[in-house]
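Keep in mind the model is a prediction, meaning the values are calculated, not measured.
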Amino acid sequence: SADGKRLYYANDLKSEGDIYEKTLDGSAADRLLVGAADIQSPRDVSPDGRYLLYQSYEDQETDGDLMVLPLIGQQKPAVFGKTPFRHGGSARFSADGRWVAYTSNESGMLQVYVKPFPGPGPSRQVSSEGGGDVTWSPDGKRIYYATDQTKVVAVSFDGATTTTSEPSLVIEFPHPVEAYEPRPDGSFVAALSPPEKWPPNRVISDWTRLLNEK
């Protein structure tokens with residue numbers, strides 16, 4: 001959550017598609033928010049803490065739907081994006097909560113889109129040559145997304161006109177990036193996957209005898 005007091009996570013302990021809310025100070029037990037037979041993946045929480053954005057595979061006719069769950073009042077999930085294509089594998093609220101940037105492969109390849117929240121209004125394609133792992137700058141004026149395993153680009157976004165600039169390279173990581181987050185000062189926090197040389201496997205036979213001899 002934006003105030004840092006709650007964490008939303010997926011758990012397959014009881015079923016494959018459960019989402020829980022956890023209070024980080026331990027003042028309450030973890031609370032089940034979404035329970036389903038198929039995968040449900042939390043993606044983001046609105047800046048005002050009122051809505052949880054998550055991806056659902058409950059509908060067998062689609063390849064992932066983008067859903068919204070109100071966190072106060074009647075907590076009834078609603079569809080935010082539903083197509084026959086993969087929808088919302090990466091999805092984030094803008095800083096003012098008025099927009100959602102997400103990914104979809106409806107064009108034939110994974111691209112980045114932006115859509116007004118809670119709507120109505122059409123989505124607008126942001127990327128043209130593919131994109132994933134989308135997020136926003138802390139001030140909501142730029143949309144970041146990955147173009148391959150190491151490169152992150154940015155486009156400026158004008159919410160009044162829904163126009164975006166041409167993408168420009170922001171950072172190229174030395175190793176494939178698993179996750180990244182821009183900070184207010186313009187730097188990035190990132191989890192990288194550097195190449196590793198695994199040590200060779202060793203098999204020791206008759207190890208009990210060797211232990212006894214020692």
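Among residues two or more places apart in sequence or in another chain, the side chain to side chain donor-acceptor pair (under 3.5 Å) test is passed with D133 by none. Shown here are the side chain to side chain donor-acceptor pair (under 3.5 Å) partners of S94, two or more places apart in sequence or in another chain: D96.
Counting all heavy atoms, side chain and backbone alike, P77 lies closest to Y54 at CB-OH, 3.3 Å. Closest of all the heavy-atom pairs between S127 and Q111 is OG-OE1, 2.5 Å. Nearest approach of W136 to P182, heavy atoms of both residues: O-CG, 3.3 Å. A2 and P47 get closest at one heavy-atom pair: CB-O, 3.3 Å. Of all non-hydrogen atoms in V100 and A91, the two that sit nearest each other are CG1-CB, 4.4 Å. In terms of heavy atoms, P138 sits closest to A95 at O-CB, 3.3 Å.
Taking a cutoff of 4.0 Å between a charged side-chain nitrogen and a carboxylate oxygen, E181 and R92 qualify as a salt bridge.
Side-chain contact between V152 and Y180 is present, with heavy atoms from C-beta onward closer than 4.5 Å. At least one side-chain heavy atom of L53 sits under 4.5 Å from a side-chain heavy atom of F93. Side-chain contact check for V155 versus Y145: some heavy-atom pair is nearer than 4.5 Å. Counting heavy atoms from C-beta outward, L71 and V45 have side chains that approach closer than 4.5 Å.
Note: Q55 CD to R43 CZ = 4.5 Å, rounded to the nearest 0.5 Å. Expressed to the nearest 0.5 Å, how far OG of S123 lies from CD of Q125 amounts to 8.5 Å. Taking CG from D48 and CD1 from I72, the interatomic distance works out to 7.5 Å, rounded to the nearest 0.5 Å. One distance of note links OG of S1 with CG of L24; it measures 7.0 Å at 0.5 Å rounding. Rounded to the nearest 0.5 Å, atoms OH (Y8) and CG (L69) are 9.0 Å apart.
At least one donor-acceptor pair under 3.5 Å links the side chain of T103 to the backbone N or O of S90. Not one N or O on the side chain of T23 forms a donor-acceptor pair closer than 3.5 Å with the backbone of D25. Q40 contributes a side-chain N or O that, together with a main-chain N or O of D38, makes up a donor-acceptor pair within less than 3.5 Å. For the pair N105 (side chain) and G108 (backbone), a donor-acceptor distance under 3.5 Å is absent.
In the hydrophobic clustering of ILVMFWY residues, with side-chain heavy atoms under 4.5 Å counting as a link, V79 and L52 come out together. Hydrophobic cluster membership differs between F117 and V114, with clusters built from Ile, Leu, Val, Met, Phe, Trp and Tyr side chains linked at under 4.5 angstrom. If you chain together hydrophobic residues whose side chains sit under 4.5 Å apart, Y144 and L192 fall into the same group.
In this structure, F157 and W99 have perpendicular ring planes: the angle between them is above 60°, well past the 30° mark.
Residues D44 and Y51 bring no donor and acceptor atom of their side chains to less than 3.5 Å of each other. S193 and E178 share a side-chain donor-acceptor pair at under 3.5 Å.
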Do any side-chain atoms of residues 164-175 form donor-acceptor pairs under 3.5 angstrom with protein atoms, and if so which ones, sequence neighbours left out?
unit_1	atom_1	unit_2	atom_2	d
T164	OG1	R124	NH1	3.0
S165	OG	S156	N	2.9
S165	OG	S156	OG	3.1

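Remark: K115 is not positioned above the aromatic ring of Y102, lacking an NZ or CZ atom under 6.0 angstrom from the ring centre and at most 45 degrees off the axis.
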